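Since the model is a prediction, treat every value here as computed from it, not as a measurement. Whatever order the structure lists them in is the order used to number ligands and atoms, beginning at 1.
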Amino acid sequence: MNDIGVIFDLDGVIVDTAKYHFLAWKTLAIQLGIPFTLADNERLKGVSRSQSLDILLDIGNLKLSDEEKQAHLKEKNAQYLEYIYKMGTEEILPGVTSLLDHLDTLGIAYVLGSASRNAALILKQVNLLERFAGIVDGNNVSKAKPDPEVFLIGAQHLKLPATHCVVFEDAIAGIDAANAAQMLSVGIGDQQTLSAATFNFNNLTEIPSDFFTKVISENRKHNEPGLYKTK
Ligand code: B16
Ligand code: MG
């Protein structure tokens, strides 16, 4: 058994699909007469599709029936998918491919842990689907982040205890979910926003080359459970 395994969030860590979510939500917002800005879009990061609609309706102080909501969710996703189908390998974020190569070299398995129900399609578009040992996404969970369910299922795919898993996440809800799962959380993005993470980096190019070997050796030193912590 490997000492540790890695769980990657998708949007904001592997690719930036937030911009496509924004364009699709913006179309719906205009249709409903709701003011919706890029700053508002930040609130939708890491949050499930239906929760995102609830946030949008909350911004507009609008109440809709379940039927109307379902129809809008369908429309929004159809528009979002038009952007997704145009994605290619050039949309993989900096540092991703070399980090996956590094993990392969170290023999550390990695899976996906995303809120998106389109995760497998997106990974296929950018030619990364086959590299992951497992995919856990919005189709496999009953509770959205910050509930730890998505990452705990990820640990099962890795056949590792939760305390031996390292999570890369760009959203507060995801960092909270990783911490709740007792995993080592690595925040990718704004350090202040993601201050609850154990480690912070602006992007994946900043991960030190000895990061995983240090995590493994600290983990061994402290015995289970005991991942390498700096705060
Ligand atoms: P979908 P992640 C999340 O992906 C996005 O950050 C979030 O904005 C989106 O609402 C959610 O996926 C659901 O996406 O509509 O494709 O099911 O960051 O958890 O990889
Ligand atoms: Mg994300």
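Excluding waters, the protein N/O/S atoms found under 2.8 Å from the Mg ion (ligand 2) are Asp9 OD2, Asp11 O, Asp170 OD1.
At least one test fails for Lys214 against the ring of Phe211: distance under 6.0 Å to the centre or angle within 45° of the axis.
A salt bridge links Glu169 with Lys145: at least one charged nitrogen is closer than 4.0 Å to a carboxylate oxygen.
The aromatic ring centroids of Phe201 and Phe168 lie 6.0 Å or more from each other.
With hydrogens and angles disregarded, no donor-acceptor distance shorter than 3.5 Å links the side chain of Asn41 to the backbone of Leu38.
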### Message
As a quick check of understanding, evaluate salt bridge (Lys or Arg N to Asp or Glu O under 4.0 Å) for Asp101 and Arg131, giving each step before the final call.
### Response
CA-CA 10 Å; Asp101 291 345; Arg131 296 196 67 165; 2.8 Å; yes
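Leu57 and Ile30 end up in different hydrophobic clusters when Ile, Leu, Val, Met, Phe, Trp and Tyr side chains are linked at under 4.5 Å.
When only modelled atom types and interatomic distance are considered, Tyr20 and Glu91 share a side-chain donor-acceptor pair under 3.5 Å. Defined by atom type and a distance below 3.5 Å, a donor-acceptor pair is missing between the side-chain atoms of Gln182 and Thr163.
Between Asp210 atom CG and Ser217 atom OG the span is 9.0 Å, to the nearest 0.5 Å.
Protein residues are said to neighbour a ligand when one of their heavy atoms lies under 4.0 Å from it; for ligand 1 these are Asp9, Leu10, Asp11, His21, Leu44, Lys45, Gly46, Val47, Ser48, Arg49, Ser52, Tyr80, Ser114, Ala115, Ser116, Arg117, Asn118, Lys145.
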